[in-house]
A.B. asks: 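Encoded as structure tokens, here's the structure I'll be asking about.
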2 protein chains.
Amino acid sequence: MPRSKPPTMSDVAKLAGVSPMTVSRALRPNASASESTRKKIREAADQLGYVLDSTAAGLSSRKTGFVAVTIPSINNANFANTIRGLNEGLQDSGLQVLLGFTDYNIKEEERLVEAFLRRRPEAIVVTGGVHTERCRRYLAASGVPVIEIWDLPSSPIEHSVGFSNVKAGRAMANYLVDKGYKNIGFIGGNTKQDARGSDRCEGFAEVLEERGLSTERLRISEEPVRNMAQGAAAMDYLIDKHPDTQAVMCASDLSAFGAMMSCQRRGLKVPEDIAIAGFGGYDISANAIPQITTLEAGDYQIGTETAKVILSQLADDNDETEERAPQRIKIATQLLERESTSPK
Amino acid sequence: MPRSKPPTMSDVAKLAGVSPMTVSRALRPNASASESTRKKIREAADQLGYVLDSTAAGLSSRKTGFVAVTIPSINNANFANTIRGLNEGLQDSGLQVLLGFTDYNIKEEERLVEAFLRRRPEAIVVTGGVHTERCRRYLAASGVPVIEIWDLPSSPIEHSVGFSNVKAGRAMANYLVDKGYKNIGFIGGNTKQDARGSDRCEGFAEVLEERGLSTERLRISEEPVRNMAQGAAAMDYLIDKHPDTQAVMCASDLSAFGAMMSCQRRGLKVPEDIAIAGFGGYDISANAIPQITTLEAGDYQIGTETAKVILSQLADDNDETEERAPQRIKIATQLLERESTSPK
DNA sequence: TTGAAAGCGATACCAT
DNA sequence: ATGGTATCGCTTTCAA
């Protein structure tokens with residue numbers, strides 16, 4: 001089958017006996033064209049199998065309809081939910097999400113952002129507030145709204161939608177200390193790689209210090225600790241080193257579950273022998289036995305709120321209004337107390 | 001901050017004292033330009049903060065650099081892995097994945113495909129072999145390579161990369177029957193929504209019949225059964241109705257885990273009282289206690305193989321070779337026997 | 001409501 | 001190695 005050149009507007013125009021310009025208008029909902037020519041043109045288009053070329057349309061109208069988005073990983077339910085929320089929030093706007101994955105690497109993020117900039121997106125969304133110097137310059141000079149999500153950076157590039165990861169870590173630490181635990185640990189990964197995760201760890205450690213508890217059980221391994229197996233391994237290490245550990249917060253619910261399985265294998269009961277908490281409000285935290293205490297981050301809502309920011313910034317009826325001011329949308333987090341930290 | 005128009009190639013050319021054409025060449029790796037002018041131009045570009053407009057480049061060169069991909073959901077580790085594999089396979093090609101989510105709805109897929117076609121992708125990847133009539137027409141007339149993944153349709157549109165979901169269901173059924181189980185159930189969701197899931201169920205049922213076993217324990221609910229909670233609910237229903245059930249295959253490892261938790265809550269031991277198997281090779285299947293028997297689908301590999309098909313089809317040195325023939329790449333699945341179906 | 005002309009920002013192609 | 005010119009397929013703008 002030879003791959004032939006697709007038909008153009010001119011082809012449709014010729015067949016319908018009108019000018020290309022009329023075709024252009026007839027194919028758009030809001031343009032003026034009589035119903036009769038519209039019908040004629042639609043038929044001609046159908047007959048030819050014509051599909052609008054939005055590449056050309058974008059070049060001419062200076063609107064690509066793209067929203068560029070970078071997230072650390074696609075294998076992560078939290079970010080997946082954010083993308084779902086964003087997609088749904090943009091549903092009726094005609095905006096297309098251009099999704100890229102940084103693999104928790106800001107150098108890779110820089111590459112992605114540069115590649116995305118070439119596509120002339122109408123807005124750019126990046127995860128987190130830590131970027132390479134060059135990447136910050138790209139974003140600042142992009143000429144379109146920039147939204148940082150999943151954090152509320154102290155020096156945002158422009159808009160931000162998220163929550164304070166430091167405070168999130170503090171909240172969980174305070175909760176565990178309030179429960180009466182003394183020997184408290186934290187399981188997390190390389191701080192350089194995952195700025196948000198390390199912020200949570202930092203907040204967690206702050207509270208332990210403030211409340212006069214030891215911080216020697218902060219188990220930060222070189223490798224990331226995101227999945228179940230990594231959580232299990234980290235827990236093994238932690239308990240071997242500090243058998244008197246009474247409670248642990250894990251970087252995510254997945255590693256918390258892995259840690260919990262590790263305890264079960266050792267004959268340690270959760271929460272009676274050791275309490276475990278996670279982060280992220282993953283499905284597993286609600287379905288595991290025992291259910292895992294977690295901090296829900298409002299992942300889906302981050303997406304929907306980001307969509308709102310984008311749409312309000314792009315609305316053309318606000319060129320001079322205060323809507324153009326940098327937005328800072330705080331998403332509520334929620335500590336869900338579950339069985340894994342509540343001995344009966 | 002006023003959002004001003006970004007600089008163009010002409011701007012760079014003017015500043016560097018050359019023609020736009022020279023800029024175009026200097027900015028590409030393979031074009032001929034002297035090192036001295038290259039340097040001059042790069043400096044001018046940097047100074048202006050120039051970023052190539054690939055929209056315009058695409059219009060002119062008739063290459064957008066897009067590969068359009070539709071998957072049912074972003075909240076699914078299997079599809080996520082496929083996208084990871086695809087991305088990595090396309091890494092060095094300069095091709096950008098344009099990702100869309102159908103929500104397991106072929107009408108939504110049709111809308112997405114039409115929207116994507118407007119972007120003039122250089123290849124299109126769709127999940128599954130079931131599409132609306134109109135969507136099939138779109139794809140067939142797209143003029144670019146079309147790859148259906150996660151299945152091997154009997155009437156493929158063009159290329160396909162996947163495995164037989166019917167055979168996958170058969171494999172698990174045969175395994176369970178071989179283990180000596182008689183009262184075997186299946187937990188899955190609405191067949192209309194998820195064609196691949198229902199294929200697996202169909203294969204599963206075929207084997208039960210062929211081997212003289214009852215198929216009355218095929219629990220197919222109206223709603224999808226994909227997550228843990230749904231799996232738990234379905235298991236409760238199944239056991240209430242058929243307390244003599246000895247083994248169950250679930251539509252996914254997530255529902256298998258939910259089902260297992262449901263058993264645990266009832267005091268049923270897995271696998272001693274009831275055996276449970278899943279599908280998909282999710283992390284949870286290897287980390288749960290007991291570990292869950294599953295059928296690994298080669299999700300990541302589906303992505304990498306799809307990338308290979310795309311690249312070979314797009315290679316311009318094969319206009320007339322047999323490489324243009326429809327490819328049908330079979331991905332190996334693997335039944336991983338684990339504790340959840342192996343009483344000691 | 002419709003049409004003609006002039007780009008949008010780049011590359012292909014042909015010269016030099 | 002570099003430049004000039006003609007598109008690429010559409011929309012904007014201005015007229016009719």
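First the proteins, then the strands, lettered A, B, ... as listed; each starts at 1.
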A.B. asks: Can you work out whether A:Val23 or B:Gly17 has the more 5'-proximal nearest nucleotide on DNA chain D?
C.D. replies: B:Gly17
A.B. asks: To the nearest angstrom, how far is B:Asp53 atom CG from C:dG9 atom P?
C.D. replies: 7 Å
A.B. asks: Tell me every residue that passes side-chain hydrogen bond (donor to acceptor under 3.5 Å, both in side chains) with A:Gln47, counting only those two or more places apart in sequence or in another chain.
C.D. replies: none
A.B. asks: Can you confirm if the NZ or CZ of A:Arg119 lies within 45° of the ring axis of B:Phe66 and under 6.0 Å from the centre of its six-membered ring?
C.D. replies: yes
A.B. asks: Side chain to side chain donor-acceptor pair (under 3.5 Å) for A:Arg28 and A:Ser24? Distances and angles first, verdict last.
C.D. replies: CA-CA 7 Å; A:Arg28 266 173 306 179; A:Ser24 173; 3.0 Å; yes
A.B. asks: Look at all strands and tell whether A:Arg118 reaches a base, only sugar-phosphate, or nothing, counting heavy atoms closer than 4.0 Å.
C.D. replies: nothing
A.B. asks: Indicate, with a heavy-atom threshold strictly under 4.0 Å, whether B:Thr22 touches base, sugar-phosphate, or nothing.
C.D. replies: sugar-phosphate
A.B. asks: Might you confirm whether atom NZ of B:Lys14 has over 12 heavy atoms from other residues, nucleotides or ligands at distances under 6.0 Å?
C.D. replies: no
A.B. asks: Strictly below 4.0 Å, N to O, side chains only: are B:Arg136 and B:Glu133 in salt-bridge contact?
C.D. replies: no
A.B. asks: Whether A:Thr37 contacts C:dT1 is assessed here as follows: a side-chain N or O lying under 4.0 Å from the phosphate OP1 or OP2. Is that the case?
C.D. replies: no
A.B. asks: Would you grab the first and last nucleotide of DNA chain D (5' to 3') that comes under 4.0 Å of any non-hydrogen atom in chain A?
C.D. replies: D:dG9 to D:dT12
A.B. asks: Tell me: CZ of A:Arg28 to C1' of C:dT1, nearest whole Å?
C.D. replies: 14 Å
A.B. asks: What is the distance, rounded to the nearest whole Å, between atom CZ of B:Arg25 and atom C1' of C:dC14?
C.D. replies: 11 Å
A.B. asks: Is the closest basic N to carboxylate O distance between A:Lys39 and A:Glu35 below 4.0 Å?
C.D. replies: no
A.B. asks: Pick the nucleotide of DNA chain D nearest each of B:Ser61 and B:Met21; which residue has the one closer to the 5' end?
C.D. replies: B:Met21
A.B. asks: Is A:Ser32 touching bases, backbone alone, or none of the nucleic acid, heavy atoms closer than 4.0 Å?
C.D. replies: base
A.B. asks: Which nucleotide in the set C:dG7, C:dG3, C:dT11 lies at the smallest distance from any side-chain heavy atom of A:Ser19?
C.D. replies: C:dG3
A.B. asks: Could you tell me the separation between the CE atom of A:Met9 and the C1' atom of C:dA4, rounded to a whole number of Å?
C.D. replies: 16 Å
A.B. asks: Between B:Glu108 and B:Arg111, is there a salt bridge with N-O shorter than 4.0 Å?
C.D. replies: yes
A.B. asks: Could you tell me the separation between the CZ atom of A:Arg120 and the P atom of C:dG9, rounded to a whole number of Å?
C.D. replies: 9 Å
A.B. asks: B:Tyr50 OH to C:dG9 P: how many Å, rounded?
C.D. replies: 10 Å
A.B. asks: A:Leu27 CG to C:dT1 C1': how many Å, rounded?
C.D. replies: 16 Å
A.B. asks: Measure from NZ on B:Lys63 to P on C:dA12 and round the result to the nearest Å.
C.D. replies: 9 Å
